[in-house]
Amino acid sequence: MNINNNATNVKRELLVRIAKLQLDGELDSRKINKIPTEMRPSGTAPIGCCIYHDRELLKMRLLARMGISVENYNDLNDLDDYAREALEREKPTWPMITVLHEACNGCVKQNFMVTNACQGCFARPCMMNCPKKAIHIVHHAHIDAEKCIHCGLCEQNCPYHAIIKITVPCEAACPVGAISKGEDGHEVIDFHKCIYCGKCMSECPFGAMMDKSQLVDVIKHIMAGKKVSVMYAPSIASQFKASAGQLERGFEQLGFTRIYEVAAGADITADREAAEFTERMKRGDKLMTTSCCSAYVRAVHIHVPDLDPCVSETRSPMHYTAELAKKDDPSCVTVFVGPCLAKRREGFDDEFVDYVITAEELSAFFEAKGIEVSKLEAVKKTEVPTASGRNFARTGGVAEAVRCRLADSSILKLDVINGLNIEGMKKLKYYGEINAGRVEAKEGDGNLVEVMSCEGGCVAGPCVVQKLNLANMQLDKYVKEGK
């Protein structure tokens, strides 16, 4: 779904309002209770059944923006009670995703529907090609739901495109079947299956799937005067119309004490993966996959165990950058800024990462502080990571970074899986079959396979603020500044 939508805009406004109140020292005051009414004042046309329901949903959305599960919501509590809870917690709480059932539309199961564009034509290709004879025509086509097997042949054969497929967006977007309907008809996430790719959040038109922000925690440490080191992913440099130096000046004005490019960690990852690939090929391994996308790594561990031995043992750029930050100052608080939910999941398990915020949250932080990054005087950078390290943010960039570091690239056969959708998961399982020896590799199969959960790479993550084409243009500038 296009990032320019009302759900995204509301999320951003809530983040900005929370950050402004916190920066003014008033997050836990009665002012926070006024936000739902200020955003949906009397006389406003309701989005849901009524304006009071809209306000109640905003109240629950504010919980997620403060890092609290809406499942813990009690309408007897005021928002300032939850704000105090957020300010007093010592660390973020699990799980990272919270589902707002009151906002969930309880969409009907996937089906095919005949629209009024149907002409009841003489050719009747929908009826003739239905393998279960589920279609009959009286003036226009009718589908028997009891007989329909959802094969889609009617949709494919209608010359008027009068038959449409109705999906449940979050279920359709999930590549691993982690989302299904509960007994009440609303969506439930199976966290044992979930890979935290964030596709459900991006695709839910009702904003019912929500990530739990850690921005309140980060601002709290900055305001307390702690040394807070920020580490920004290459994809973050693609989200703002500014040079790397201007972005880093912005981080300074937000109150971060030390700033690290995660592209430096990407250089370490690429160096180590190149060495690891060479070693694996010498010992006779069939293939190796990259490991920087944590949604992909979790997908393999849970859903494609045959491929698990092939995943590179090299850690991610986030890990190596955080390790550098902790070496420079063991007492610092480390904050990774990235485009996705999976990195927040990885951060929970990484001994060097304290917090993970997203491009959306960083953008809201800048707005709350009144910082226009594109107008700032750039920090003069004396050392920069390589161009290939900065190019990790897009599909193909990781594989290319490894390739250019190999002493003998003639042994290399590259393959790239661009996005973990249904087809991407099928390809993973195919490579798992190759590794298990159940099928033979074919011409064109890779022995180094790069996998990105998001189609287009990290620049297309679920928590970005820039459209993909514009992000790629900005990334090009950022990469050219690399050495």
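If you check the side chains of Glu361 and Ser213, you find a donor sitting under 3.5 Å from an acceptor. Judged by distance alone, the side chains of Tyr478 and Asn391 never bring a donor and an acceptor atom under 3.5 Å apart.
In terms of the salt bridge (Lys or Arg N to Asp or Glu O under 4.0 Å) criterion, residue partners of Lys11 (sequence neighbours excluded) are, by chain and number, Asp211, Glu360. Applying the salt bridge (Lys or Arg N to Asp or Glu O under 4.0 Å) test to Glu400 and every residue at least two apart in sequence or in another chain returns Arg403. Under the ring-ring contact (aromatic ring centres under 6.0 Å, His included) criterion, Phe365 pairs with no residue, sequence neighbours left out. Applying the side-chain hydrogen bond (donor to acceptor under 3.5 Å, both in side chains) criterion to Thr8, with sequence neighbours excluded, gives Asn5. The side-chain hydrogen bond (donor to acceptor under 3.5 Å, both in side chains) search around Asn4 returns none, not counting sequence neighbours.
Salt-bridge formation is not detected for the pair Asp350/Lys343: no Lys NZ or Arg NE/NH1/NH2 atom is positioned less than 4.0 Å from an Asp or Glu carboxylate oxygen. With respect to the salt-bridge test (charged N to carboxylate O, under 4.0 angstrom), the residues Glu13 and Arg17 qualify. A salt bridge links Arg438 with Glu433; the closest basic N to acidic carboxylate O contact falls under 4.0 Å.
In this structure, the side chain of Gln239 engages the main chain of Gln466 through a donor-acceptor pair within 3.5 Å. Counting only distance, with no hydrogens or angles, the side chain of Ser453 and the backbone of Cys197 share no donor-acceptor pair below 3.5 Å. For Asn435 (side chain) and Asp306 (main-chain N/O), a donor-acceptor pair under 3.5 Å exists by modelled atom type.
The side-chain heavy atoms of Thr334 and Tyr355, taken from C-beta on, include no pair separated by under 4.5 Å. In this structure, the side chains of Val356 and Glu346 stay at 4.5 Å or more apart for every pair of heavy atoms.
Taking all atoms of both residues into account, the shortest heavy-atom contact from Met96 to Leu341 is CE-O, 3.7 Å. Nearest heavy-atom pair, Ala460 versus Glu455, reported as atom, atom and distance to 0.1 Å: CB-O, 3.2 Å. Between Glu252 and Val379 the shortest heavy-atom distance is OE2-CG2, 3.8 Å.
Counting heavy atoms of neighbouring residues, nucleotides and ligands inside a 6.0 Å radius, atom CD1 of Ile422 does not exceed 12 of them. Counting non-hydrogen atoms of other residues, nucleotides and ligands closer than 6.0 Å to NZ of Lys91 gives a total of 12 or fewer.
The stretch residues 277-326 participates, sequence neighbours left out, in these ring-ring contact (aromatic ring centres under 6.0 Å, His included) pairs: His319-Phe352.
Taking the six-membered ring wherever Trp is involved, the centroid distance between the rings of Tyr232 and Phe251 falls below 6.0 Å.
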